[in-house]
A.B. asks: 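Take a look at this one; I'll ask things after.
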Amino acid sequence: MNKQWFNNQEAKIPRGKVRTRFAPSPTGYMHVGGLRTALYAYLIAKKDNGTFILRIEDTDKARFVEGATEIIIKTLRDAGLNYDEGPDIGGPVAPYTQSERLDIYKQYAALLCEKGAAYYCFCERQGDERQGDGSSVLLHQWSKIDGPSPRDPDPCRDLPYAESKIRADAGVPFVVRMKAPYDGNTTVADMVFGEITTPNKTLDDMILLKRDGYPTYNFANVIDDHLMGITHVMRGSEYLSSAPKYNLLYKAFGWEIPTYITVSPVMRDANNKLSKRHGDPTYDDLLTQGYLPEAVLNYVALLGWSPGGEREMFTLKDMLEVFDVSGISKAPAIFDMVKLTHFNSEYIRAMPAKEFAKIARPYICNVIKNENISIEAVATILQARCEKLTDIPEKIDFFESLPNYDTELYIHKKSKTDKMISRDMLIAAKKAFEKNTEWTNESIHDILIELALNLEVKNATLMWPVRIATAGKAVTPGGAIEICSILGYNETLRRIEIGIEKLSEENR
RNA sequence: GGCCCGUUGGUCAAGCGGUUAAGACUCCGGCCUUUCACGCCGGCAACAGGGGUUCGAGUCCCCUACGGGUCACCA
């Protein structure tokens with residue numbers, strides 16, 4: 001065993017600062033829960049001026065997905081969760097990638113065997129069968145009998161080290177398993193779940209190194225978290241029951257155990273986790289559905305974490321100030337699209353008008369081809385009334401072409417406007433418009449207000465038919481004035497005439 | 001089935017032994033208004049159940065129920 005080699009690995013460890021990592025496996029998409037985990041890890045590090053790193057956990061060859069790492073990197077960048085370290089010091093930052101570190105795991109596994117804390121196992125593969133989708137069918141039936149079931153002793157566990165080392169070196173296929181003690185207890189300290197004590201006899205000899213030479217998640221994680229100097233390990237609650245085994249590994253190496261921060265999953269309903277397979281949206285799906293990255297991040301942060309007060313709108317920068325692990329809840333949280341939508345509309349409204357116009361532009365241009373219509377003006381009336389960007393097309397299609405609407409729309413109970421009155425109003429409005437030369441929001445406003453005054457009717461009595469005639473639908477962004485203004489003089493008059501015609505026909 | 005974890009309105013949640021049990025979303029009223037929306041005001045709606053401990057329990061303990069996790073050469 002090369003002592004110098006191990007010393008070199010250890011020498012790279014930076015100490016004394018908070019260091020966290022986001023350690024996804026490259027599945028081809030980023031799910032919402034993953035984003036939340038990344039966010040929390042980022043916040044913990046950055047709150048303390050620490051280091052946040054990205055580590056790709058691609059130790060399952062069978063599940064390799066082309067381009068998956070790029071998606072993760074893009075998402076993180078998109079969300080503003082920039083990681084600041086990779087294996088190439090000084091260069092452009094590529095993430096740490098476990099498949100590039102295979103030698104390291106092998107060396108440490110061998111070291112553990114030498115120390116007697118692990119062993120080579122030459123038994124045939126056993127226990128489960130793989131299905132096409134990567135899930136497995138357990139062959140084992142759980143006993144109905146009460147009490148802890150005794151571990152099946154592995155025949156290789158007590159093989160003399162020297163003997164199995166020779167066999168392994170000679171090329172006999174093997175896995176490396178950890179030697180979990182039969183006696184005593186292991187206590188795991190977790191910042192969210194508190195202290196959990198587990199009897200060692202319930203722990204199995206988990207596999208560290210697979211037959212193909214790749215490490216398991218359980219092993220690579222411990223090695224890397226140590227080697228990369230991770231101080232706060234954040235992960236999902238599915239790993240909570242393995243945590244005692246991780247502690248045993250740290251102990252076997254004589255390494256300091258990091259602080260664990262375990263978070264519960266994000267659910268789709270009371271019984272099921274959010275999952276792509278069930279059709280739940282991934283982070284990218286949400287963006288294409290018209291959600292803003294900031295809104296998604298803000299909403300997701302609040303799933304399972306609360307800052308304690310009444311405020312719930314937080315930018316990433318705000319979160320840096322208020323985030324605290326003590327606010328993380330042990331209970332799972334259900335993802336609610338309706339509330340996300342609310343956050344999104346808040347973010348849209350809070351945006352500077354110019355910025356909104358910029359992001360709304362493609363959605364608007366997709367519908368409005370007419371060059372006489374000002375995209376900016378449409379964006380302006382849209383901003384306060386759109387919950388997500390994908391709402392835009394159906395809200396503004398009437399600008400492009402007048403829908404074939406029903407005259408029932410002219411009936412407005414509140415202002416006691418009916419079809420007859422509407423017709424009179426439209427005729428009056430037409431005349432008033434024809435007399436005028438200017439065509440701005442202000443001039444249109446003045447004309448209509450003055451007209452209502454002269455006719456001695458409520459504003460709504462006049463505005464309602466004008467809006468219906470010019471838009472041809474009941475629900476519109478903006479009122480009559482804005483719509484007329486955007487449509488322009490000629491189109492406005494054309495549509496009012498159509499309205500008069502429609503209403504006149506019915507009276508014959 | 002064993003072990004571990006959880007459970008406050010439909011949802012997110014505050015609450016750290018004494019509160020009229022916050023707040024937000026949704027929904028429903030009302031006001032404002034140039035429709036819808038926005039905004040403002042108001043309303044509906046919760047401590048899973050049962051035992052303790054205590055002068056006093058959503059808060060502490062136990063049991064039950066329900067839910068989740070785990071028991072892979074997946075992560």
Side-chain angles (χ1 to χ4, degrees), chain A residues 23-25 27 57-60 62-63 121 125-130 134-136 138 140-149 175-177 193-194 196-199 202-204 206-212 214 216-218 220-221 235-244 262 264-265 267 269-273 299 302-313 327 329-336 338-343 345 349 383-387 395 409 412 414-415 445 448-449 452 458-460 462-464 466-468 471 473-483:
Chain A
S25 63
T27 54
E57 311 233 324
D58 56 344
T59 57
D60 187 358
R63 285 214 248 172
C121 169
R125 187 195 168 93
Q126 49 167 257
D128 72 349
E129 262 175 21
R130 276 344 250 277
S135 69
S136 67
L138 285 177
H140 182 84
Q141 284 294 329
W142 307 125
S143 155
K144 302 269 184 211
I145 302 158
D146 279 359
S149 52
V175 301
V176 173
R177 308 183 85 114
F193 283 83
I196 298 169
T197 299
T198 309
T202 64
L203 271 19
D204 62 332
M206 68 176 178
I207 290 178
L208 272 21
L209 222 53
K210 305 181 228 177
R211 199 164 295 249
D212 63 4
Y214 275 60
T216 57
Y217 165 89
N218 297 318
N221 223 254
R235 58 180 147 222
S237 59
E238 66 267 34
Y239 300 107
L240 202 54
S241 54
S242 306
T262 298
S264 282
M267 312 289 282
D269 55 47
N271 303 348
N272 302 287
K273 259 196 197 185
Y299 174 62
L302 263 18
L303 282 177
W305 169 71
S306 165
E310 289 185 2
R311 170 142 86 124
E312 53 180 18
M313 302 304 288
S329 158
K330 294 187 206 181
I334 299 172
F335 181 85
D336 182 7
V338 174
K339 186 141 188 187
L340 201 217
T341 303
H342 168 256
F343 271 86
S345 59
R349 259 176 275 132
Q383 184 165 9
R385 344 181 182 225
C386 127
E387 296 187 306
K395 283 188 191 293
L409 287 182
H412 185 233
K414 228 168 151 182
S415 62
H445 173 267
L448 291 175
I449 296 297
K458 281 181 157 179
N459 285 342
L462 173 63
M463 299 293 183
W464 180 270
V466 171
R467 191 178 60 87
I468 296 300
K473 62 201 284 191
V475 178
T476 58
I481 294 161
E482 287 103 327
I483 293 171

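Every chain is numbered from 1, with letters handed out A, B, ... down the list of sequences.
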A.B. asks: Heavy atoms under 4.0 Å is the rule here; annotate nucleotides 14-21 of chain B 5' to 3' with B where the base is hit, S where only the sugar-phosphate is, and - elsewhere.
C.D. replies: S-------

A.B. asks: Does OP1 or OP2 of B:rC12 have a side-chain N or O of A:Lys339 closer than 4.0 Å?
C.D. replies: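 The answer is no; no side-chain N or O of A:Lys339 sits under 4.0 Å from OP1 or OP2.
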
A.B. asks: Verify, without hydrogens or angle tests, whether A:Lys339 (side chain) and A:Tyr299 (backbone) share a donor-acceptor contact under 3.5 angstrom.
C.D. replies: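 Here the side-chain-to-backbone pair does not exist.
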
A.B. asks: Under 4.0 Å between any heavy atoms, over every strand shown, what does A:Tyr239 touch: base, sugar-phosphate, or nothing? Just pick one.
C.D. replies: base

A.B. asks: For RNA chain B, just give me the dot-bracket, please: Watson-Crick or G-U, both distances below 3.5 Å, ( ) intra-strand, [ ] crossing earlier pairs, | paired with another strand, . unpaired.
C.D. replies: ((((((((.[[[..)..(....]]].(((((.......)))))....[[[[[..)....]]]]])))))))....

A.B. asks: Between B:rC47 and B:rG42, how far apart are the two P atoms, rounded to whole Å?
C.D. replies: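 Looking at atom P only, B:rC47 and B:rG42 are 24 Å apart.
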
A.B. asks: Would you indicate, yes or no, if B:rC71 has its OP1 or OP2 atom less than 4.0 angstrom from a side-chain nitrogen or oxygen of A:Thr202?
C.D. replies: no

A.B. asks: A:Met267 side chain: which of B:rG68, B:rC4, B:rC12 is closest?
C.D. replies: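 For the A:Met267 side chain, the nearest candidate turns out to be B:rG68.
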
A.B. asks: Base, sugar-phosphate alone, or nothing: which one does A:Ile207 contact when heavy atoms must sit under 4.0 Å apart?
C.D. replies: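 The answer is base, as A:Ile207 lies within the cut-off (heavy atoms under 4.0 Å) of a base atom.
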
A.B. asks: Using the side-chain heavy atoms of A:Pro332, tell me which of these nucleotides is nearest: B:rG6, B:rA75, B:rG23.
C.D. replies: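 Given the options B:rG6, B:rA75, B:rG23, the side chain of A:Pro332 is closest to B:rG6.
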
A.B. asks: Scan nucleotides 30-39 of chain B nucleotide by nucleotide, 5' to 3', and note B when protein non-hydrogen atoms come under 4.0 Å of the base, S if they reach only the sugar-phosphate, - if neither.
C.D. replies: ---BBBBBSS

A.B. asks: When all nucleic acid strands are considered with a 4.0 Å heavy-atom cut-off, which category describes A:Val338: base, sugar-phosphate, or nothing?
C.D. replies: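 A:Val338: backbone/sugar contact only, no base atoms under 4.0 Å.
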
A.B. asks: Determine the contact category for A:Thr198: base if any of its heavy atoms lies under 4.0 Å from a base atom, sugar-phosphate if only primed atoms, P, OP1 or OP2 are that close, otherwise nothing.
C.D. replies: nothing

